[in-house]
**Student:** 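Got a structure for you, written out below as structure tokens; questions coming shortly.
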Amino acid sequence: MTQAPKISFHHNRSLPQAQDLIAWYRDQGRDLPWRHLTHDPYSVWLSEIMLQQTTVVTVIDYFHKFREAFPTVQDLAASPLDKVLHLWQGLGYYSRARNLHKCAQVLVREYQSVFPKTAVELEKLPGIGPYTAAAIASICFDEPAAIVDGNVIRVISRLFQVETPVPQSLPEVRSLAQALTPQEHAGDYAQAIMDLGATICRPKSPLCLLCPWQSACGAAQLGVPEDYPKKEKKAPLPQKYGVFFFYTHGQHFWAERRPEKGLLGGLMAFPSTAWAEDPLPLEVPESFAPYGSEDLQLFEKAVAHTFTHFKLTMQIAQIPVAQADPLSNQGQWIAWSDIDAHAWPTLMKKVFKVIAENYCVGA
DNA sequence: AAACCGTGGTC
DNA sequence: TGACCAAGGTT
């Protein structure tokens with residue numbers, strides 16, 4: 001043997017004990033609004049849906065708004081979808097809002113408004129996948145279901161120095177996560193390991209000296225925690241371009257509701273050209289205007305926005321029209337004073353900002 | 001199964 | 001400033 005077997009390295013290392021982590025959590029865990037509501041699956045579910053790919057700081061305000069607007073799952077189910085989308089505006093991933101509403105209706109109609117108590121049953125509901133099902137089952141009902149989110153992937157990849165990059169490593173990580181999950185106090189454990197990932201075992205500058213699992217962590221022992229989890233390099237995002245058409249009539253402008261499915265589904269937007277990878281010939285946007293282009297005026301400033309899978313740069317072209325007739329059957333004339341009555345994605349709020357900065361009444 | 005689906009903060 | 005990241009799910 002020219003090389004020491006790996007087991008000798010593991011030999012000086014303790015195993016991560018759930019009770020050490022839970023003790024740390026009870027002393028050092030974060031105080032979050034939904035932590036006081038673990039007896040209430042509705043609130044835990046609501047928080048978990050909002051927290052999907054979204055930071056705690058961002059979620060807190062929305063969580064309070066939703067609990068106030070919809071105190072019970074029946075209230076949520078009885079609401080028009082438009083009101084749900086309106087409250088959700090700005091939070092992103094709008095299919096979550098549509099699935100949230102649908103899930104509430106399924107619960108009321110088929111479950112007598114009572115949340116199922118097992119991860120297996122929870123996962124059958126719309127918008128609830130493996131992570132969220134395990135989170136609700138463990139946090140509310142202490143089912144020893146292993147949660148695997150971004151925090152857990154990072155913590156486990158460092159503990160065990162998982163060399164396989166994400167997402168190929170997921171089967172291995174899931175297996176380790178299940179092995180670490182205790183039979184008792186699974187709810188505290190689930191929240192503890194996420195808090196550890198968020199506050200100690202952070203993506204950058206982890207605080208290994210404060211970690212209750214430091215002596216069990218392979219990456220920390222070697223001083224290379226930030227090398228894990230291993231990841232594939234991401235391809236650069238494609239850049240897309242287009243023109244928004246700002247049809248105006250007096251104090252009104254024309255906007256349309258986007259299709260129910262797909263990007264920004266169900267939210268409001270200006271009509272536009274297709275969003276294409278080729279920059280448009282900016283000297284002739286007239287030929288692309290869907291409802292006529294007399295008196296078209298192109299704004300100097302464009303709007304840039306980055307989505308999950310592409311970048312977008314949009315020009316804005318104002319087109320005053322003489323008659324306030326409907327331009328299509330999927331939109332409406334909206335008064336400036338009535339903007340807040342509708343659900344606008346952040347992209348459109350950026351457009352409003354550019355318009356407000358550049359628009360001259362009577363110009 | 002790989003692509004799609006938002007946004008804001010950080011360095 | 002661009003790349004990365006945040007309590008993922010659906011198709």
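Here is the naming used below: chain letters follow the sequence lines, and residue numbers restart at 1 for every chain. Please read all numbers here as calculations on a predicted model, not as lab measurements. These values consider heavy atoms only, across backbone and side chains, with no hydrogens, waters or symmetry-generated copies.
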**Student:** Determine the interplanar angle of the A/F253 and A/W344 rings, folded into 0 to 90°, and report it as parallel if under 30°, tilted if 30 to 60°, perpendicular if over 60°.
**Tutor:**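 The arrangement is tilted - the two ring planes meet at 30° to 60°.
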**Student:** Checking all strands, does A/G90 fall into the base, sugar-phosphate, or nothing category for heavy-atom contacts under 4.0 angstrom?
**Tutor:**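 Sugar-phosphate: the residue A/G90, judged by heavy atoms under 4.0 Å, touches backbone atoms but no base.
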**Student:** State, without any angle test, whether A/E256 and A/S328 hold a side-chain donor-acceptor pair at a distance under 3.5 Å.
**Tutor:**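 Result is yes, a qualifying pair exists.
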**Student:** What is the distance, to the nearest angstrom, from the CD atom on A/Q239 to the C1' atom on C/dG2?
**Tutor:**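 Roughly 13 Å, once rounded to whole Å.
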**Student:** Taking donor-acceptor contacts at under 3.5 Å, does the side chain of A/R30 reach the base of C/dA7?
**Tutor:**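 Present.
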**Student:** Atom CD1 of A/I316 and atom CG of A/L298: how far apart are they, to the nearest 0.5 Å?
**Tutor:**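 Spacing of CD1 (A/I316) from CG (A/L298) equals 9.0 Å.
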**Student:** Quick check: on DNA chain B, is the nucleotide nearest A/F307 upstream (toward 5') of the one nearest A/K204, or the reverse? Name the residue that is more 5'.
**Tutor:**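 Counting from the 5' end, the first nearest nucleotide belongs to A/F307.
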**Student:** Going by the angle between their ring planes, with limits at 30° and 60°, are A/Y42 and A/W45 parallel, tilted or perpendicular?
**Tutor:**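 Ring orientation, 0 to 90° scale: tilted.
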**Student:** In Å, rounded to the nearest 0.5 Å, how long is the span from CD1 of A/I334 to CE of A/M268?
**Tutor:**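 Separation between the atoms: 4.0 Å.
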**Student:** May I ask you to check whether A/N99 and A/R96 show a side-chain donor-acceptor distance below 3.5 Å?
**Tutor:**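 Short answer, no.
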**Student:** In whole Å, what is the span from the CD1 atom of A/I139 to the P atom of C/dA7?
**Tutor:**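 So the two atoms are 13 Å apart, to the nearest Å.
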**Student:** Taking atom P in both C/dT11 and B/dG6, what distance in whole Å separates the two?
**Tutor:**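 Result for the P pair: 14 Å, nearest Å.
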**Student:** Between A/L263 (CG) and C/dT10 (P), how many Å, whole number?
**Tutor:**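 Taking CG of A/L263 and P of C/dT10, I get 18 Å after rounding.
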**Student:** Would you mind reading off the distance between A/K230 atom NZ and C/dC4 atom C1', rounded to a whole angstrom?
**Tutor:**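 Going from NZ in A/K230 over to C1' in C/dC4 covers 17 Å.
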**Student:** How far, in whole Å, is C/dA7 from C/dA3 if one measures between their P atoms?
**Tutor:**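 About 22 Å, rounded to a whole number of Å.
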**Student:** Base, sugar-phosphate, or nothing: which does A/T132 touch, judged by heavy atoms less than 4.0 Å apart?
**Tutor:**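 It contacts sugar-phosphate atoms only.
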**Student:** A/R35 or A/K261: which one's nearest nucleotide on DNA chain C is closer to the 5' end?
**Tutor:**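 The residue mapped nearer the 5' terminus is A/R35.
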**Student:** May I ask you to evaluate whether A/R154 reaches the phosphate of C/dA6, defined as a side-chain N or O under 4.0 Å from OP1 or OP2?
**Tutor:**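 Checking C/dA6 against A/R154, a side-chain N or O does come within under 4.0 Å of OP1 or OP2.
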**Student:** Rounded to whole angstrom units, what separation is found between the OH atom of A/Y131 and the P atom of C/dA6?
**Tutor:**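 One finds 13 Å between P of C/dA6 and OH of A/Y131, rounded.
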**Student:** Taking atom P of C/dA6 as reference, at what distance in whole Å does atom CG of A/L196 sit?
**Tutor:**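 Distance check: A/L196 CG to C/dA6 P gives 13 Å.
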**Student:** Over 60° means perpendicular and under 30° means parallel, so classify the ring planes of A/Y189 and A/W213, tilted if in between.
**Tutor:**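 Rings of A/W213 and A/Y189: tilted, 30 to 60°.
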**Student:** Answer with base, sugar-phosphate or nothing: what part of the nucleic acid does A/L91 contact at a heavy-atom distance below 4.0 Å?
**Tutor:**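 Base, at least one base heavy atom under 4.0 Å.
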**Student:** Can you check whether A/H305 and A/F307 have ring centres sitting under 6.0 Å from each other?
**Tutor:**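 Yes, they do, as the ring centres are separated by less than 6.0 Å.
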**Student:** Contact boundaries of DNA chain B with chain A (under 4.0 Å, heavy atoms), 5' to 3'?
**Tutor:**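 Range of nucleotides within reach of chain A: B/dC4 to B/dG8.
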**Student:** Could you give the NZ-to-C1' distance, from A/K102 to C/dG9, as a whole number of Å?
**Tutor:**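 About 12 Å, once rounded to whole Å.
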**Student:** May I ask you to say whether A/R35 pairs ionically with A/D195, meaning some side-chain N is under 4.0 Å from a carboxylate O?
**Tutor:**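 Result for this pair is yes, salt bridge flagged.
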**Student:** Would you kindly give the NE2-to-P distance between A/H101 and C/dG9, to the nearest whole Å?
**Tutor:**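 The distance from NE2 of A/H101 to P of C/dG9 comes to 21 Å, rounded to the nearest Å.
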**Student:** Does A/W45 reach a base, just sugar-phosphate, or nothing at all? Heavy atoms under 4.0 Å.
**Tutor:**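 Touches nothing.
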**Student:** Which parts of residues 49-77 of chain A get close to DNA chain B, meaning a heavy atom less than 4.0 angstrom away?
**Tutor:**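 Close to the strand are A/Q53, A/T54.
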**Student:** When you measure from every atom of DNA chain B, which of residues 168-195 of chain A have a heavy atom less than 4.0 Å away?
**Tutor:**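 Per residue number, the list is empty: none.
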**Student:** Using a strict cut-off of less than 4.0 Å between a Lys/Arg side-chain nitrogen and an Asp/Glu carboxylate oxygen, indicate whether A/R257 and A/D82 qualify as a salt bridge.
**Tutor:**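 The answer is yes: the pair qualifies as a salt bridge.
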**Student:** Quick check on ring pair (Phe, Tyr, Trp, His ring centres under 6.0 Å): which of A/F270, A/F246, A/Y247, A/F245 does A/Y291 satisfy it with?
**Tutor:**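 Going through the options one by one, the only one that passes is A/Y247.
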**Student:** Under 4.0 Å between any heavy atoms, over every strand shown, what does A/R98 touch: base, sugar-phosphate, or nothing? Just pick one.
**Tutor:**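 No contact.
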**Student:** What nucleic acid atoms does A/K233 come within less than 4.0 Å of, heavy atoms only: base, sugar-phosphate, or nothing?
**Tutor:**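 The answer is nothing, as A/K233 stays clear of every strand by at least 4.0 Å.
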**Student:** Which sits closer to the 5' end of DNA chain C, A/A133 or A/P236, going by the nucleotide each is nearest to?
**Tutor:**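 Closest to the 5' end, via its nearest nucleotide, is A/P236.
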**Student:** Should A/K301 and A/E357 count as an ion pair when the cut-off is N to O under 4.0 Å?
**Tutor:**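 Here A/K301 pairs with A/E357 in a salt bridge, since their nearest N and O are under 4.0 Å apart.
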**Student:** Give one of base, sugar-phosphate or nothing for A/L32, where a contact means two heavy atoms less than 4.0 Å apart.
**Tutor:**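 Answer is base: heavy atoms of A/L32 come under 4.0 Å of a base.
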**Student:** Ignoring hydrogens and angles, state whether a donor on the side chain of A/Q52 or A/T132 is under 3.5 Å from an acceptor on the partner side chain.
**Tutor:**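 On atom types as modelled, these side chains qualify, holding a pair under 3.5 Å.
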